[in-house]
Amino acid sequence: MTFFEKLRSVFAKQGFVDKAKSNSMTAADWAAVREAYQTEYGVELSADQAAYNNEQQQAQQAQQRADQLEQENAAALTLINQALSEDEGASEPVSQEGHAEERNLQDQSLLQGVQTMVTAFQKMSKGMIPDRTPSVGGVTLSANGPGHTDQYFCGIEHDLFSMSHRYNQVARNPAYAMKVLPVEKTDGPKFHAALSEYSDMLRNRINDLRSRNSLNPKAIREDFALNVNSDGLGNQYLTRRTDEIIVRLLSVKNVYDIFPRRYGIQDREVMYNAFMGEFSQAYQKGGIWKGNIDLKPEIAYVDDAMFKTLFDSMKDLERKYIGYLNKDGSDPIKWTMIEWAMLQISTKLIEEQNRRKILGIYVNPETGKVGNFLNAGTGVYYTLLRYYNENKIALVDDSAYAGYTSGETMVACVVNMLQKLAMTVDNLDAYEVILNANHRAMWLAGIREIYGKDTDFKGPNGDEVPDLRNVIRWCPYMGQLPLIIVQQPGNIQSLEFNAGEMFAVQFLPDMEAVKAWSVWKEGTSAEFSGKPESSKAAKKAAGFGDQVIFMNRPSVTLEADATTVTAKGDYRHYITGVNTAAKAITDITGAKPGFAYLLEVGDETYPQSIAKSGKFADITKAYAPTKEGDYIMVILNADGDKFLELERCEAGVRKINQNLQPNVPGGR
């Protein structure tokens with residue numbers, strides 16, 4: 001049975017033929033197809049599909065080889081006929097008899113030459129170079145170049161690889177760094193200038209790949225095309241090596257497959273969302289009109305981020321580079337110091353940005369003070385908290401979903417939360433569930449414990465929510481926060497202005513130091529969150545029908561009459577308990593730098609206040625909440641001795657501290 005016959009049979013048995021024709025298959029439908037295919041034929045659908053694609057590709061390549069051979073044989077035949085025709089036309093009849101022997105030798109020589117040419121054509125066609133292989137003259141364009149020469153590192157004829165530069169001499173022979181010490185005044189500026197130039201090239205290449213929808217490892221390696229043109233072979237080698245660096249940067253664990261990037265966002269772009277009212281009704285005569293479209297724009301914004309550092313001296317930098325060569329000698333590509341430095345800087349920036357993309361919150365820096373990397377931009381968690389504070393989404397705030405401590409409680413927490421949403425949310429099977437990648441082992445243990453005995457020892461798919469079958473996306477960089485997010489795939493997006501902007505490193509000598517920096521823009525936004533209401537209570541009362549992002553409330557409830565908050569792990573949200581008398585919060589013990597803490601009123605009978613004194617002396621004014629849902633959000637200052645206020649809500653009225661949160665919608 002062919003692959004198509006197998007697939008057609010599964011779709012027919014599952015009743016999905018009409019859905020396939022109308023292109024209306026859901027994620028749950030596809031999951032059912034894959035499971036049925038595995039059960040029916042004992043092999044995964046993806047494996048059979050890959051085998052089929054491979055067969056088709058081999059057949060296509062065989063046909064291409066046959067066509068190429070036919071064309072080249074025809075071309076050779078044309079040359080033979082032309083050569084024979086020209087030779088016959090040049091002959092004189094009077095001399096044919098007298099020179100018969102000489103004529104025979106000429107004919108044999110001609111035919112041997114033509115036969116050699118035909119044989120060469122056939123060899124070329126049989127060993128035809130694949131269309132996408134970056135090569136010239138049959139020689140593959142290796143990232144390591146053709147080989148070192150006295151003039152160029154790796155033999156790449158480009159100024160960046162010239163052996164006249166000290167950093168290339170060190171790359172080729174690390175012992176050179178010990179024999180001839182660097183002259184900081186001359187060698188340093190040359191290196192930094194070359195690194196700045198290369199960083200611009202890296203940024204431009206990333207932008208170029210993005211514009212061609214090729215910013216992924218597979219496309220980068222397949223789509224590289226070598227051309228013998230004015231660009232020069234050296235430039236093309238440089239591009240080839242730069243692509244390999246980009247592939248390595250893309251391989252750093254990231255979150256962009258869950259929260260895709262969106263470029264071109266500079267300041268407060270409007271993302272229009274439409275809430276559709278009811279339209280249909282029973283027929284009756286007359287102008288009885290019904291239906292409306294309510295536009296509720298979502299504001300997308302980015303904040304300015306940067307890195308600024310004092311760069312190492314050439315002596316220290318060379319020592320670290322030689323250490324890399326000794327430690328990672330098995331690296332298949334030998335990087336120059338320029339490429340190695342750019343790779344190290346960029347990798348660190350990417351790791352910090354990804355952590356910030358999940359749990360970061362932008363805070364305008366204190367003048368002259370070093371800021372925490374988590375405060376250079378706002379990520380997913382605090383963006384969703386903003387939607388909650390803007391009354392656009394209600395949190396799934398039952399205490400049963402606030403956290404978990406074991407595999408069983410984690411599975412129960414997720415399943416029960418999804419079942420609660422299924423009671424009010426249409427088409428919940430079109431949503432994905434985003435969980436903490438650090439807790440995947442815990443989840444699988446819970447799955448085995450709860451469901452193992454009920455599924456013929458097979459167990460349910462560990463990357464789906466049991467029974468509901470929603471796909472689970474395991475998100476890194478969540479720390480230990482028991483966060484659960486439910487969204488339509490691709491709704492929450494990572495915002496940037498220009499691709500690769502972060503890697504455009506600049507250098508400037510300053511006395512004995514060298515300053516290095518880059519500046520970029522980043523942020524987070526959903527295309528669609530939910531229909532805003534006048535208050536948290538009103539949003540909660542409206543249910544979940546008018547929102548498309550759902551989040552639990554990973555939080556800690558304080559003991560009654562608490563006067564201090566004890567920061568617990570990665571929790572950032574704290575709810576006051578049912579107090580017996582008026583109390584005041586005086587401190588958050590164990591608070592971590594870069595964490596913004598939300599203190600929310602859980603019971604309004606005796607809500608805790610905060611005086612503008614002590615650790616809270618730098619908040620805008622005394623905090624005096626009166627309603628359930630009132631809150632204050634604070635963060636440690638750069639010195640770690642006082643708390644700064646980011647925003648607050650008193651008597652249901654929200655107010656943002658524009659000095660620290662200048663770009664947040666609602667703040668200006």
Side-chain angles (χ1 to χ4, degrees), residues 255-256 258-260 262 271 273 296 298-303 354-363 374-375 377-398 401-403 413-414 417-418 420-421 425 431-436 473 475-479 481-495 522-533 536 539-540 542 544 546-555 570-575 595-600 629 631 633 635 646-647 649 654 656 661 663-667:
V255 299
Y256 300 120
I258 306 175
F259 308 113
R262 179 169 181 167
M271 304 167 77
N273 297 310
K296 297 292 183 182
E298 197 66 67
I299 304 298
Y301 73 97
V302 289
D303 292 301
N354 274 275
R355 291 177 63 186
R356 185 165 59 245
K357 182 54 58 182
I358 303 303
L359 296 176
I361 181 170
Y362 178 83
V363 179
L374 286 172
N375 303 138
T378 299
V380 173
Y381 175 73
Y382 285 105
T383 295
L384 296 186
L385 275 188
R386 173 167 68 85
Y387 293 153
Y388 169 61
N389 291 330
E390 291 173 344
N391 307 320
K392 291 180 177 178
I393 67 172
L395 300 182
V396 188
D397 61 358
D398 190 298
Y401 318 131
C413 179
V414 174
M417 178 174 163
L418 267 290
K420 179 174 181 176
L421 290 175
V425 178
Y431 288 71
E432 64 185 9
V433 181
I434 300 170
L435 300 178
N436 192 331
R473 306 296 299 278
C475 184
Y477 303 106
M478 279 190 179
L481 192 66
L483 183 60
I484 305 169
I485 300 172
V486 181
Q487 69 151 4
Q488 294 175 346
N491 185 14
I492 303 174
Q493 299 178 358
S494 304
L495 308 181
E522 65 176 68
T524 305
S525 179
E527 284 192 330
F528 187 97
S529 56
K531 189 175 182 179
E533 298 289 348
K536 284 186 173 67
K539 186 64 188 177
K540 185 174 183 179
F544 299 113
D546 285 334
Q547 69 185 66
V548 294
I549 300 175
F550 310 95
M551 183 176 83
N552 69 330
R553 182 166 69 177
S555 56
D570 288 330
Y571 284 92
R572 288 140 162 95
H573 197 160
Y574 294 83
I575 315 296
F595 284 38
Y597 293 96
L598 185 73
L599 309 182
E600 183 176 349
Y631 67 87
M633 185 184 290
I635 191 168
L646 300 180
E647 62 178 88
C649 180
R654 180 171 179 247
I656 298 166
Q661 299 268 273
N663 296 323
V664 175

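Keep in mind it's a predicted model, so treat the numbers as computed, not measured.
Contact annotation: the side chain of I434 never approaches that of I484 to less than 4.5 Å [non-hydrogen atoms, C-beta and beyond]. Taking 4.5 Å as the limit, some side-chain heavy atom of I361 sits within range of a side-chain heavy atom of L646. Counting heavy atoms from C-beta on, the side chains of N375 and I635 come closer than 4.5 Å. A 4.5 Å side-chain heavy-atom check between Y477 and L359 finds every atom pair outside the cut-off. The side-chain heavy atoms of Y387 and S525, taken from C-beta on, include a pair separated by under 4.5 Å.
In terms of modelled atom types and a separation under 3.5 Å, the side chain of R572 and the main chain of D570 share a donor-acceptor contact. Checked by atom type and distance alone, the side chain of Q547 pairs as donor or acceptor with a backbone atom of A394 at under 3.5 Å. A donor-acceptor contact shorter than 3.5 Å links the side chain of Q661 to the backbone of Y362. Between the K539 side chain and the K531 main chain, a donor and an acceptor come within less than 3.5 Å of each other. Of the possible polar contacts, one joining the T524 side chain to the T378 backbone as a donor-acceptor pair under 3.5 Å is found. Judged purely by atom type and a 3.5 angstrom limit, Y431 has no side-chain atom pairing as donor or acceptor with the backbone of F550. Under a 3.5 Å cut-off, the side chain of N552 and the backbone N or O of V396 do not form any donor-acceptor pair. In this structure, S494 contributes its side chain and F259 its backbone to a donor-acceptor pair below 3.5 Å. Looking at N436, its side chain never comes within 3.5 Å of a backbone N or O of P482 through a donor-acceptor pair.
Atom CE of M551 and atom CD1 of I485 lie 6.5 Å apart (nearest 0.5 Å). To the nearest 0.5 Å, the span separating CG on L384 from CG on L395 amounts to 8.5 Å. Taking OG from S529 and CG from D546, the interatomic distance works out to 11.0 Å, rounded to the nearest 0.5 Å. To the nearest 0.5 Å, atom OH of residue Y382 and atom CZ of residue F595 are 7.0 Å apart. A distance of 5.0 Å separates CD of E432 from CZ of R473, quoted to the nearest 0.5 Å. Annotation: the span from M633 atom CE to R386 atom CZ amounts to 11.0 Å, rounded to 0.5 Å.
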Check the pair T383, I492 against side chain to side chain contact (heavy atoms under 4.5 Å, CB included), reporting the backbone distance first and the verdict last.
CA-CA 9 Å; T383 295; I492 303 174; 6.0 Å; no
Side chain to side chain contact (heavy atoms under 4.5 Å, CB included) between C475 and I358: does it pass, once the steps are laid out?
CA-CA 9 Å; C475 184; I358 303 303; 3.5 Å; yes
Test side chain to side chain contact (heavy atoms under 4.5 Å, CB included) on I549 and K392 and set out the steps.
CA-CA 10 Å; I549 300 175; K392 291 180 177 178; over 6 Å; no
Please assess Y301 against V664 for the test side chain to side chain contact (heavy atoms under 4.5 Å, CB included), listing each intermediate value before the final yes or no.
CA-CA 8 Å; Y301 73 97; V664 175; 3.7 Å; yes
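Closest heavy-atom contact between N389 and R654: O-CD, 3.6 Å. For the pair Y574 and Y597, the tightest heavy-atom approach, listed with the atom from each and the gap, is CE1-CD2, 3.7 Å. The heavy-atom pair separating I656 from P665 by the smallest distance is CD1-O, 3.6 Å. Counting all heavy atoms, side chain and backbone alike, P554 lies closest to L481 at CB-CD1, 4.1 Å. Here the shortest heavy-atom pairing between E533 and A542 reads OE2-CB, 4.0 Å.
Ionic pairing of K536 and E600 is not present here: no N-O contact between side-chain nitrogen and carboxylate oxygen is shorter than 4.0 angstrom.
More than 12 heavy atoms of other residues, nucleotides or ligands shown are found within 6.0 angstrom of CZ on R553. Within 6.0 Å of the NZ atom in K540, the count of heavy atoms belonging to other residues, nucleotides or ligands does not exceed 12.
Between the side chains of Y631 and E647, at least one donor N or O lies within less than 3.5 Å of an accepting N or O.
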